[in-house]
Engineer: 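Can you read through this structure? Questions will come right after.
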Number of protein chains: 2
Amino acid sequence: MFNEVKTHEITVDIVILTIKNNSLNVLLVKRNNEPFKDKWAIPGGYVRMSENLDEAAMRVLKEKTNVENIYLEQLYTFGDPLRHPVSRVITCAYFALIRSEDVEVVTTDDLAWHKVSELPPLAFDHKEIIEYSLKRTRERLEMCPVAYQLLNEKFTLTEMQKAYEMIMEKKLDKRNFRKKVISTEGLRELNEFSKSSSKRPARLYTFDNIKLNSKRAHFIKKGTKG
Amino acid sequence: MFNEVKTHEITVDIVILTIKNNSLNVLLVKRNNEPFKDKWAIPGGYVRMSENLDEAAMRVLKEKTNVENIYLEQLYTFGDPLRHPVSRVITCAYFALIRSEDVEVVTTDDLAWHKVSELPPLAFDHKEIIEYSLKRTRERLEMCPVAYQLLNEKFTLTEMQKAYEMIMEKKLDKRNFRKKVISTEGLRELNEFSKSSSKRPARLYTFDNIKLNSKRAHFIKKGTKG
DNA sequence: TAAAATTAAATGTTTAATGAAGTTAAAACA
DNA sequence: TGTTTTAACTTCATTAAACATTTAATTTTA
């Protein structure tokens with residue numbers, strides 16, 4: 001019984017989402033060890049004795065992307081005995097929404113963004129974890145305009161609508177979408193316009209006050225550096 | 001590093017809620033070991049190597065209440081390094097909504113229902129866990145009529161409204177509440193009436209088809225016995 | 001024991017807010 | 001001048017919120 005307990009291992013795994021090239025992307029690492037050597041996986045790592053789960057997730061996120069002041073939320077804990085083929089690893093999954101402009105990721109053969117609509121074969125149960133993170137993101141979007149976390153700091157309403165449509169996987173009515181967004185607390189209209197390649201320029205907006213209605217969501221503050 | 005991993009312990013803890021004596025109650029056990037000896041705690045136990053987290057939670061639930069076909073949902077995983085004063089214990093918290101009529105609990109000095117509004121001092125971070133389970137129950141109630149899980153199989157609309165008011169901690173309009181509930185899929189009107197001690201008898205209702213709109217909620221099926 | 005008082009159950013309408021769909025105009029470019 | 005995208009204004013339909021009286025049983029009391 002005591003031995004049983006001692007052989008669990010606990011990790012955090014993080015689904016890191018952003019919008020790039022007009023589509024929703026997730027950051028994946030290629031595994032260089034067994035099991036699932038050479039398969040893609042979401043970034044993760046063991047929880048250290050000195051840190052809590054949020055801190056472990058933040059650390060992993062920082063290691064991979066060098067961002068640290070973003071939307072990070074505990075997703076779900078996956079603990080099937082067979083999810084890891086060798087040992088018993090229970091993972092506490094998180095998901096993060098980040099701006100691609102904030103990320104200092106040097107993508108290599110072993111670390112790259114992948115469209116969530118075109119995922120490669122994934123290690124462990126990571127496909128399930130990513131799908132669940134999308135479901136949760138959809139729930140969040142119904143509560144609060146959290147999609148701006150995925151967009152550049154200054155964005156057009158059309159860009160935001162595209163983000164919504166991508167995540168919700170359905171078309172939205174432009175007029176009603178704009179009406180709703182414009183009435184959102186925190187949105188600020190700028191006197192700047194997108195210099196898009198063609199047609200009428202669109203006004204840029206930004207979010208001032210972060211006000212998340214989500215009960216579970218927390219805004220991870222910048223921690224101590226180093 | 002490897003040692004670090006090995007010294008985590010993982011448990012499940014379950015907030016078991018029901019309605020008794022016109023108030024919301026939670027099942028607590030009195031600890032007979034250190035740490036927090038003689039303090040009240042929510043039921044829990046170590047996750048065994050052979051079982052997943054849901055199964056561990058169901059097992060603990062069955063041990064304490066002998067119910068096994070009820071509303072059980074993973075709540076959140078609590079992993080603060082200091083939440084356990086002696087060792088590093090990460091707990092995956094669940095919450096369950098049960099009917100008190102279904103429960104075969106012999107309450108003793110060490111196992112008893114407590115009003116959530118009058119909680120005794122609790123072990124570990126269990127107060128936080130209970131509070132969070134109430135928050136989540138409120139969220140669920142806004143999505144689906146899950147409160148019937150707390151009521152007897154046959155209930156009056158007034159009883160159900162009381163349950164809502166208890167959990168939401170606010171008064172509801174009787175006519176709007178009834179209108180909404182009556183239009184809910186799965187509710188069935190019975191030709192039976194409560195033989196309450198006095199005054200006009202109220203019609204009894206029951207729920208036929210369980211249809212949970214919650215994304216995270218799952219209805220735990222009866223597993224293999226023994 | 002019949003009438004009156006009491007208590008909880010049951011029921012509908014009106015108004016406000018929100019969501020869905022239609023129309024038109026303005027700015028840039030081809 | 002025609003096309004495309006942004007932007008604003010309008011109308012209709014649906015949903016949510018506010019609100020008061022009647023009915024059926026029991027209890028009281030004359």
Side-chain angles (χ1 to χ4, degrees), chain A residues 19 22 138-145 147-148 151-152 154-207 211 213, chain B residues 19 21-23 138-145 147-148 151-152 154-185 187-206 211 213:
Chain A
I19 288 176
N22 224 22
R138 256 172 246 133
E139 286 178 53
R140 288 288 164 267
L141 228 50
E142 286 168 4
M143 292 200 284
C144 62
Y148 75 89
L151 303 170
N152 291 340
K154 298 173 181 181
F155 54 86
T156 69
L157 295 186
T158 302
E159 282 167 357
M160 182 171 241
Q161 188 178 338
K162 286 270 162 54
Y164 266 75
E165 290 177 340
M166 233 175 276
I167 297 164
M168 303 303 283
E169 290 178 332
K170 65 177 178 189
K171 283 279 167 197
L172 298 173
D173 183 90
K174 190 165 193 165
R175 298 154 295 183
N176 297 321
F177 180 80
R178 296 169 82 89
K179 217 187 301 173
K180 205 170 184 178
V181 173
I182 285 168
S183 71
T184 305
E185 201 183 349
L187 186 86
R188 185 155 52 91
E189 175 183 299
L190 299 173
N191 280 323
E192 296 175 59
F193 296 84
S194 72
K195 16 192 185 306
S196 70
S197 49
S198 69
K199 307 299 174 304
R200 176 174 176 175
R203 183 181 288 277
L204 293 173
Y205 291 81
T206 193
F207 256 98
K211 189 170 180 186
N213 292 330
Chain B
I19 288 176
N21 307 325
N22 224 21
S23 61
R138 256 172 245 134
E139 286 178 52
R140 289 289 163 265
L141 228 49
E142 286 169 4
M143 294 200 282
C144 62
Y148 75 88
L151 302 169
N152 291 342
K154 298 173 181 181
F155 53 86
T156 69
L157 295 186
T158 302
E159 281 166 357
M160 182 171 242
Q161 186 177 340
K162 286 270 162 56
Y164 266 74
E165 289 177 340
M166 234 176 271
I167 296 163
M168 302 302 285
E169 290 179 331
K170 66 176 177 190
K171 283 279 168 197
L172 299 174
D173 181 88
K174 189 168 193 165
R175 285 158 297 182
N176 293 330
F177 179 81
R178 296 169 85 91
K179 220 185 300 173
K180 208 169 184 176
V181 172
I182 284 167
S183 71
T184 305
E185 201 184 348
L187 186 86
R188 186 156 52 90
E189 175 182 299
L190 299 172
N191 279 324
E192 296 175 58
F193 296 83
S194 72
K195 20 192 184 303
S196 67
S197 50
S198 67
K199 307 305 170 302
R200 178 175 176 176
R203 183 181 287 277
L204 293 174
Y205 291 80
T206 193
K211 189 171 178 184
N213 292 330

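The sequence lines fix the lettering, A, B, ..., with proteins before strands; numbering per chain opens at 1.
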Engineer: Kindly indicate whether the side chain of A/N191, heavy atoms from C-beta on, has any atom under 4.5 Å from the side chain of A/R203.
Structural biologist: yes

Engineer: Separation of B/L172 atom CG from D/dA16 atom C1', in whole Å?
Structural biologist: 13 Å

Engineer: Which whole-number value in Å describes the distance from A/Q161 CD to D/dT5 C1'?
Structural biologist: 12 Å

Engineer: Below 30° counts as parallel, above 60° as perpendicular, anything between as tilted: where do the rings of B/Y164 and B/F177 land?
Structural biologist: perpendicular

Engineer: Please encode protein proximity along nucleotides 7-13 of chain D as a string of B, S and -, counting only heavy-atom distances under 4.0 Å.
Structural biologist: SB-B---

Engineer: Given atom NZ of B/K199 and atom C1' of C/dA5, what is their separation to the nearest angstrom?
Structural biologist: 11 Å

Engineer: Given atom CG of A/D173 and atom P of C/dT18, what is their separation to the nearest angstrom?
Structural biologist: 17 Å

Engineer: Strictly distance-based, threshold 3.5 Å: is any side-chain N or O of B/S194 a donor or acceptor partner for the main-chain N or O of B/A202?
Structural biologist: yes

Engineer: Under a 3.5 Å distance rule, please check whether B/D173 uses its side chain to pair with a backbone N or O of B/R175 as donor and acceptor.
Structural biologist: yes

Engineer: I want to confirm an ordering. Mapping B/T156 and A/K180 to their closest nucleotides on DNA chain C, which one lands closer to the 5' end?
Structural biologist: B/T156

Engineer: I'd like to check the side-chain hydrogen bond (donor to acceptor under 3.5 Å, both in side chains) partners of A/E159; sequence neighbours left out, ordered by chain and number.
Structural biologist: none

Engineer: B/Q161 side chain to B/R178 main-chain N or O, any donor-acceptor pair under 3.5 Å?
Structural biologist: no

